[in-house]
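Working notes, beginning with the structure itself.
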Amino acid sequence: MRAAEETVRARLRDRVAASDPGLLRLAAAVRTVGSIALTVAVLAVLGTDLPHLVTGALVAMVSTFAIREKQRSRQAVTLALGLPVALASMTLASLLHHRVVAGDLVFVALIFCAVYGRRFGDRGTGLGLIGFQTYFVALFVGATPEGLPEMYAAAAVAFGCSALMRFALVPETPVGVLERLRSAFRARLAQLLSAQLDLLDAGPDEADRALRRVREGTARLHETALLIQGRLADGTADEAVARLVQRRIADAEIAAERLGLALLRARGAERVDTLALHLPGAPVPSGGRQPVREEATTALRRDLEALRVLVLRPVEAAGGTGVAQLRNRLLGYRDEENVPVASPAVQDAFRAVGETTRAVLGLRIALGGARDESDDSPATARSREELDAEDAVLDAEEEEEATGLERRTTRAAVQVAVGSLLAIVGGELLSRDRWYWAVLTCWIVFLNTASTGEILVKGSRRLVGTVLGVLAGIVLAGAVGHHTGTAFALVLLFVFAMFYSAPLSYTLSSFFVTAALGLLYTLLHTYSLSVLVLRIGETALGAACGLIAAAVVLPVRTDRRTDELLATVLRRLEEVTNSAVDQLSGGPPGDLMDQARDLDQALADLRSAVQPLTHPATPLRARRETARYVVALLETCAYHARTLAATAELLLTRPSITADPRLRGATGRIGRNLEAIAAHVTDEHAGDTIETGPSIASLLGPSTPGAPGQGRVTEHVLRPLQRLDEAVTGLARPLDVPVKASEG
């Protein structure tokens, strides 16, 4: 019974870890709510009146979420600097409370400085947020010069409670976050293996759903891998160890993707390629709709489940004879040991299981797992030797080109200042007392956006969330009445939900914050239906002012932004491909994993920027489908580029595989095509064209035998090179790049 309960708890932990990688959202929400609750408790004990309780609660929230540095020492410095910034901001708001024109001009200047401060990194961003938000808090509670001492005290208590939660009660250390992210990676890898197992058994009616789960699992695994890579430098003391873990994470991710493709081919989709795995909504290939009917699939199913057990086993756990035998059997498939008699596609699936097991073993070693080698089989011993050799090889801020008003931070500061000035004027026409809601919305729609389209999408989501939140606030205000304790408890619940859901849905986040504000108005005895309805009007006005400012003042059209990012992705893709091919052809080793990470980050930026074009509400249906298709093809290209990079690094430590100098000449057109597409994206009048012609395999010509006992690397990279060539050529049509057949 106890074992069953522990199993259920373990599965629940794994599910939570997979849905919230590193528990980053949970920790942020708990830390913020804890800061607010602790502040309210301390102020209540001190006998603080209700308006200053609300002040302390809001300042605690701001001082907690505004700190973004990863290192604790830097967090402490920013928090210490934030208190005088908050006090100065509150003082200005109080002194200028009855001086409308001067107050408005100071508020606009403060907004400009807060946004401009982003160019100074996380500290500048955090202090800017604190300065703006505390000015807004002072306006919200109607601060006056006479009440400044109480406000100072409430702010000081709030900052102290925030520091206590951050550094003592719910600490966040780079090492701890990285460790939780590693656990999340294992959990998501196990979930992907479960989805792949379902794909193996899915019938004709379930095939599309099973493949969709595999796609989702692959995307989530990649998301977690990117989070880990972003935390490695701060969470690992030794740079060599950080590079090793980064490599092992990439190995495991690529091996799992390969396994999914092998299983899809094993279903009978012999001609399937990775386009079927990445294109959104693409159906299962017609040949892969029937589950595998061979006798060997019983063993394959057993081995997939065994691999999942190995993945979920804690890194620090001792091996044990049973686990060692399990690992040895799976690793044996890499060397053709005990591969069942079956069709070539099913046999490839067994080999993919072996490769994934090897990647899992490498990841466990890199993370410091137990290293008992007494039960190793020859295949396992060889895998360890390969990994040790790779370890030995691995042991041996971006400049902003724009200046002036073209610099992103400067342009955004000017746009926000103009939009806020419009929001102040329009907001005061709607309400002399609640105009700041329009300014707040204008400010928020510019956060983490870089084009007019992104601002439109974010503004519309905030408006929808606000409308729904107002409806909820009306219901809750009537239900809570004057029960202060219940209202505060609900406010804390909504604040938690707001921060937990913020990375997932901006609409949900806006809903929760609006519902919480309705309860705060109830506590301050300023609630009325007209106040909540006014919030909708001010929110719509603020979003409109932000959109007007973005469209008129130094505008950055969505097309321009996406073209810039698309060109960056193409350049990164060309760098990774050329470097990998050069190494596969016998060239010197390079930092392929770093280049692959840069490619992933550029692709993530592009994916975010095209949201306005791919939004379901966009009226340009053809354009939406084109944007989705281009991004899907680029994801396919990135997958194959990562595969080439991983294989090229593997070549350094596998003496049984030799480089093939023919690859450099046979794949030259891939790089040329990427250059042509990038040139066409940046200049629509460019005369570059796409080359098409014979397959990569035919360009390579007849194979030249290697030394005795050696094989060419070509057989390992021919498929990804061919698919990469096809995907790059496929970009020509949606991007209107001319195509010509190569001569010869």
Side-chain angles (χ1 to χ4, degrees), residues 58-59 61-69 74-75 77-97 99-140 143 148 151-152 155 158-159 397 400 402-425 427-428 435-450 455 458 542 545-546 548-550 552-556:
L58 293 176
V59 173
M61 181 178 70
V62 172
S63 61
T64 302
F65 78 75
I67 309 299
R68 300 185 176 189
E69 287 96 343
R74 293 185 60 83
Q75 292 175 5
V77 171
T78 303
L79 195 61
L81 293 174
L83 180 57
V85 170
L87 297 182
S89 186
M90 287 179 168
T91 302
L92 284 173
S94 301
L95 295 177
L96 299 173
H97 182 69
R99 300 183 180 181
V100 178
V101 176
D104 292 348
L105 293 177
V106 168
F107 199 13
V108 171
L110 177 63
I111 290 170
F112 177 89
C113 293
V115 177
Y116 188 77
R118 297 180 199 171
R119 66 176 296 186
F120 301 108
D122 289 338
R123 179 164 295 161
T125 301
L127 294 178
L129 278 169
I130 290 172
F132 170 79
Q133 295 284 2
T134 49
Y135 194 102
F136 171 80
V137 168
L139 295 176
F140 178 74
L148 279 176
M151 291 196 70
Y152 290 164
F159 270 80
E397 288 188 6
E400 211 175 335
T403 58
L405 291 178
E406 287 299 313
R407 190 189 298 269
R408 181 176 174 181
T409 49
T410 306
R411 182 177 61 244
V414 173
Q415 289 176 329
V416 174
V418 173
S420 298
L421 189 58
L422 293 175
I424 289 173
V425 175
E428 289 185 346
W435 56 268
Y436 44 77
W437 289 122
V439 181
L440 179 66
T441 299
C442 181
W443 155 279
I444 287 178
V445 297
F446 274 95
L447 292 178
N448 301 320
T449 55
I455 291 172
K458 191 170 185 179
C545 291
I548 291 171
V552 175
V553 182
L554 304 174
V556 176

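Just so it is clear, the model here is predicted, and its values are computed rather than measured. The residues of the chain are indexed from 1 along the displayed sequence.
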Within this structure, what is the OG1-CD1 distance for the pair T78 and I130, rounded to the nearest 0.5 Å? 8.0 Å
side-chain contact (heavy atoms from CB on, under 4.5 Å) partners of A109, counting only residues at least two apart: none
Which heavy-atom pair separates L87 from A155 by the least distance, and what is that distance? CD2-CB, 4.0 Å
In the structure I gave you, are the side-chain heavy atoms of L92 and L110 within less than 4.5 Å of one another anywhere? no
One pair to check against side-chain contact (heavy atoms from CB on, under 4.5 Å): F132 and V62. What are the steps and the verdict? CA-CA 10 Å; F132 170 79; V62 172; over 6 Å; no
Listed by chain and number, what are the ring-ring contact (aromatic ring centres under 6.0 Å, His included) partners of F159, not counting sequence neighbours? none
Can you label the angle between the F107 ring and the W435 ring as parallel, tilted or perpendicular, going by 30° and 60°? perpendicular
Using the ring of each side chain (for Trp, its six-membered ring), is F112 parallel, tilted or perpendicular to Y116, with breaks at 30° and 60°? parallel
Nearest 0.5 Å please: distance from the CG atom of L127 over to the OG atom of S89. 11.5 Å
Under the side-chain contact (heavy atoms from CB on, under 4.5 Å) test, residues paired with A423 that sit two or more places apart: A438, V439, C442, C545
Check A80 against P84 and note the closest heavy-atom contact, atom names and distance. O-CD, 3.1 Å
Identify, with sequence neighbours excluded, every residue that meets ring-ring contact (aromatic ring centres under 6.0 Å, His included) alongside F446. none
On a heavy-atom basis, which atom in L148 and which in S94 lie closest, and how many Å separate them? CD2-OG, 3.3 Å
Who pairs with R74 by side-chain hydrogen bond (donor to acceptor under 3.5 Å, both in side chains), at least two apart in sequence or on another chain? none
Could you tell me whether the side chain of R123 reaches within less than 4.5 Å of the side chain of V77, counting heavy atoms only? yes
Once side-chain contact (heavy atoms from CB on, under 4.5 Å) is applied, do any residues pair with D122, and if so which ones, sequence neighbours excluded? R68, E69
Provide the closest heavy-atom pair for S63 versus L79 in the form atom of the first, atom of the second, distance. O-CD1, 3.7 Å
For the CG atom of L421 and the CG atom of D104, what is their distance to the nearest 0.5 Å? 8.0 Å
What are the two closest heavy atoms between A417 and V108, and how far apart are they? O-CG1, 3.7 Å
Hey, what do you get for CD1 (I67) to OG1 (T125), rounding to the nearest 0.5 Å? 11.0 Å
With sequence neighbours excluded, tell me which residues meet side-chain contact (heavy atoms from CB on, under 4.5 Å) with V553. V414, Q415, V418
For F136, enumerate each residue passing the ring-ring contact (aromatic ring centres under 6.0 Å, His included) test, keeping only those at least two apart in sequence or located in another chain. Y436, W437
Suppose we screen for side-chain hydrogen bond (donor to acceptor under 3.5 Å, both in side chains). Which residues come up paired with T441, at least two apart in sequence or across chains? R462
Is the closest side-chain heavy-atom distance between Q133 and L58 below 4.5 Å? no
Can you tell me how far apart OG (S420) and CG (L440) are? Round to the nearest 0.5 Å. 9.5 Å
